[in-house]
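One structure is given below, encoded as C-alpha cells.
Residue numbering restarts at 1 for every chain, and letters A, B, ... go by the order of the sequence lines.
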Number of protein chains: 2
Amino acid sequence: MALRYAILVSLHDKQGTGYEIAKEFDNGVGYFWNATSQQIYNELGKLARDNLISFKVVPQRDRPQKKIYRITSAGKKALVEWLSQPTKIQPIRDPLLIKLFASDLIPPSVLLEDIETHRKLRTQLLANLEALRDRKTASGKKIPKALRYKYFTLLRGIGALQAWLDWSTEVVQSLRSEKRP
Amino acid sequence: MALRYAILVSLHDKQGTGYEIAKEFDNGVGYFWNATSQQIYNELGKLARDNLISFKVVPQRDRPQKKIYRITSAGKKALVEWLSQPTKIQPIRDPLLIKLFASDLIPPSVLLEDIETHRKLRTQLLANLEALRDRKTASGKKIPKALRYKYFTLLRGIGALQAWLDWSTEVVQSLRSEKRP
DNA sequence: GTAACCATGTAACACGTTACATGATTGT
DNA sequence: ACAATCATGTAACGTGTTACATGGTTAC
C-alpha cells in the first residue's frame with residue numbers, strides 16, 4: 001500500500017510522467033523508497049482508475065507520447081488520511097547477514113568480495129547524498145521550515161549508510177586478519 | 001528466495017520444528033531476517049519436497065504432534081552454493097520517511113506520536129540486543145573464531161538501531177521546538 | 001555499431017501478509 | 001474467564017520482480 005502514497009507524495013510535490021517519477025525513485029526519493037518503473041506504471045494506472053490522480057496525454061515530435069500526471073483533490077485527501085495513520089515498523093531482511101551468520105560454511109574471501117562490492121556501492125551513494133546535503137547547507141544557508149523534514153530524510157539516508165560502512169570496516173578488518181594471521 | 005536459505009542456515013545450526021524456527025526469527029535471527037510462521041511452514045513444506053531438508057514426526061502426549069526438521073546433504077550443498085553467489089543490495093523502503101517527506105501536509109504532532117512509538121519499540125529492541133552482546137563479551141570473554149561473524153550480525157543490528165535512534169532524537173527535537181516556538 | 005535516454009505497457013511468477021481453522025495445556 | 005504457549009496448516013489477496021514488447025534519438 002505504501003508505494004501508492006509514495007507516488008502521491010511525489011506528485012503532490014510536482015506533477016510528472018511515470019518515467020520522471022521512476023527517476024526520482026532512483027535519486028531523491030530513492031534513499032527511503034525504491035520501486036521499478038514497472039511497478040510505478042502499474043500503480044499509476046490504478047491511481048488514475050481510482051481518480052486519485054489525473055493525467056493529460058502529451059504527444060511529442062521526436063519522442064514517444066507521454067502522460068503527465070497530477071494529484072487530484074481526492075488524491076490529496078486520501079494521502080492526508082494515510083499520513084495520519086500510524087506507520088508500521090518495517091522488518092529487516094538483509095541477505096548479506098545470512099551469509100555472515102553462516103560464514104563457517106564458506107571461505108572468508110567469498111564473504112570479503114561480496115562485502116567489498118557493497119562497500120563500493122554504498123560509499124558512492126554516501127558521497128552523492130553528502131554532496132546533496134552540502135549543496136543545501138552551503139555558505140551558511142538555513143533550511144527553510146517547509147523543507148526541514150525533507151532534509152531529515154536525507155540525513156536519515158546518510159546516517160544509515162555511515163552506520164553500515166562503519167560496521168563493514170570492522171568486519172573487513174577481521175576477515176583480512178584471518179586470511180593472513 | 002532468501003527466506004529458504006535463512007531457514008537452511010537455521011537448520012544447519014540446529015535441527016528444529018517450524019515453531020522453533022519461527023521463534024528464532026523473532027529473536028536471534030530476527031535482527032537481520034523476518035518472517036511469519038505461515039511463511040516458514042510454507043517454505044518448510046517446499047524445502048522438504050525438494051529434499052533439501054528431512055523431518056521426522058514426533059507425537060506428543062500433551063501437545064500436538066510436531067515435525068523435527070534437519071538439513072540434508074543436498075540442502076547443505078544448495079546452501080553453500082547460494083552462499084557463494086553475490087548478494088543483492090536490499091532496497092530501502094521506510095514508510096515513516098514518506099511521512100516525513102510529506103510533513104507539510106500534516107501537523108507535527110501526528111508525526112511526533114508516530115516517531116515516539118517507533119522510538120519506544122527500537123529502544124527496547126536495542127536494550128535486548130545490547131544485553132545479548134554484553135552477555136557474550138562479559139568478564140573478558142573472547143568470542144571464539146567460529147562465532148565471530150555471528151557476533152558481527154549482532155553488532156550490525158545494534159549499529160542500525162543506534163543510528164536510527166540518534167537520528168530520531170534530532171527530528172523529535174526539531175518537531176518539539178516547532179510546537180512551542 | 002552500441003549503449004544510454006526517453007516512454008509506456010502486459011504477463012507470469014515469486015514472495016509476503018492476513019484471515020481462517022483446530023485444539024490441548026499452563027499460568028494469572 | 002482469559003491470555004499465552006505449543007503446533008501445524010490452507011486460502012485469498014496484495015505486493016514486488018523479471019521477462020517480454022516496442023521504437024525513435026543522441027552521444028561515443
Between D:dG9, D:dT17, C:dC6, which nucleotide gets closest to the side-chain atoms of B:Lys67?
-> D:dG9
Once the angle between the rings of B:Tyr69 and B:Phe55 is folded into 0 to 90°, is it parallel (under 30°), tilted (30 to 60°) or perpendicular (over 60°)?
-> tilted
Out of C:dC15, D:dT17, D:dT8, which nucleotide sits closest to the side chain of B:Tyr19?
-> D:dT8
Sugar-phosphate only, base, or nothing, as touched by A:Arg4 at under 4.0 Å among non-hydrogen atoms | nothing
Would you mind telling me which residue lines up with the more 5' stretch of DNA chain D, B:Pro91 or B:Gly18, judged by nearest nucleotide?
-> B:Gly18
Quick one: CG on B:Asn128 to CZ on B:Arg133, what's the gap to the nearest 0.5 Å?
-> 12.5 Å
Could you say whether B:Ile68 or A:Ala35 is positioned toward the 5' end of DNA chain D, judged by the nucleotide with the nearest heavy atom to each?
-> B:Ile68
Taking D:dT18, C:dT8, D:dG16 as options, the one with an atom nearest any side-chain atom of A:Tyr41 is C:dT8
Gap between atoms CG and C1', on A:Asp26 and C:dC5 respectively (whole Å) = 13 Å
At under 4.0 Å between heavy atoms, what does A:Gln38 touch on the DNA or RNA strands: base, sugar-phosphate, or nothing?
-> base
Please give, in whole Å, the distance from D:dT8 C1' to B:Arg63 CZ?
-> 14 Å
Which residue, A:Tyr5, A:Phe32, A:Trp33, forms the side-chain contact (heavy atoms from CB on, under 4.5 Å) with B:Pro95?
-> A:Trp33
A:Gln90 has an atom CD; how far is it from atom P of D:dT15, in whole Å?
-> 17 Å
Specify the separation, in whole Å, of atom NZ of A:Lys23 and atom C1' of C:dA7.
-> 12 Å
Minimum-distance pair of heavy atoms, taken over all atoms of B:Arg4 and B:Asp50 = NH2-OD2, 3.0 Å
Do B:Ile92 and A:Leu96 belong together in a cluster built from hydrophobic side chains that touch within less than 4.5 Å?
-> no
Specify the separation, in whole Å, of atom CD1 of B:Ile89 and atom P of D:dT17.
-> 10 Å
Residue A:Leu3, side-chain heavy atoms: nucleotide from D:dG9, D:dG16, D:dA7 that is nearest = D:dG16
Check every strand shown and say whether B:Lys46 touches a base, only sugar-phosphate, or nothing at a heavy-atom separation below 4.0 Å.
-> nothing
Given C:dA7, C:dT18, D:dA7, which nucleotide is nearest the side-chain atoms of A:Gln60?
-> C:dA7
Side chain of B:Tyr69 only, please: which of C:dG16, D:dG16, D:dG9 is the nearest?
-> D:dG9
Starting at CD of B:Glu43 and ending at P of D:dT8, how long is that distance when rounded to a whole Å?
-> 16 Å
OP1, OP2 of D:dG16 versus side-chain N and O of B:Lys88: anything below 4.0 Å?
-> no
Interatomic distance where NZ belongs to A:Lys66 and P belongs to C:dA7 [whole Å] | 5 Å
Checking all strands, does A:Ser37 fall into the base, sugar-phosphate, or nothing category for heavy-atom contacts under 4.0 angstrom?
-> nothing
Proximal nucleotide (of C:dT18, D:dG23, C:dG23) relative to the B:Pro64 side chain = C:dG23
What is the distance from CD of B:Gln39 to C1' of D:dG9, rounded to the nearest Å?
-> 15 Å
Do other residues, nucleotides or ligands put more than 12 heavy atoms under 6.0 Å from the CD atom of A:Glu113?
-> no
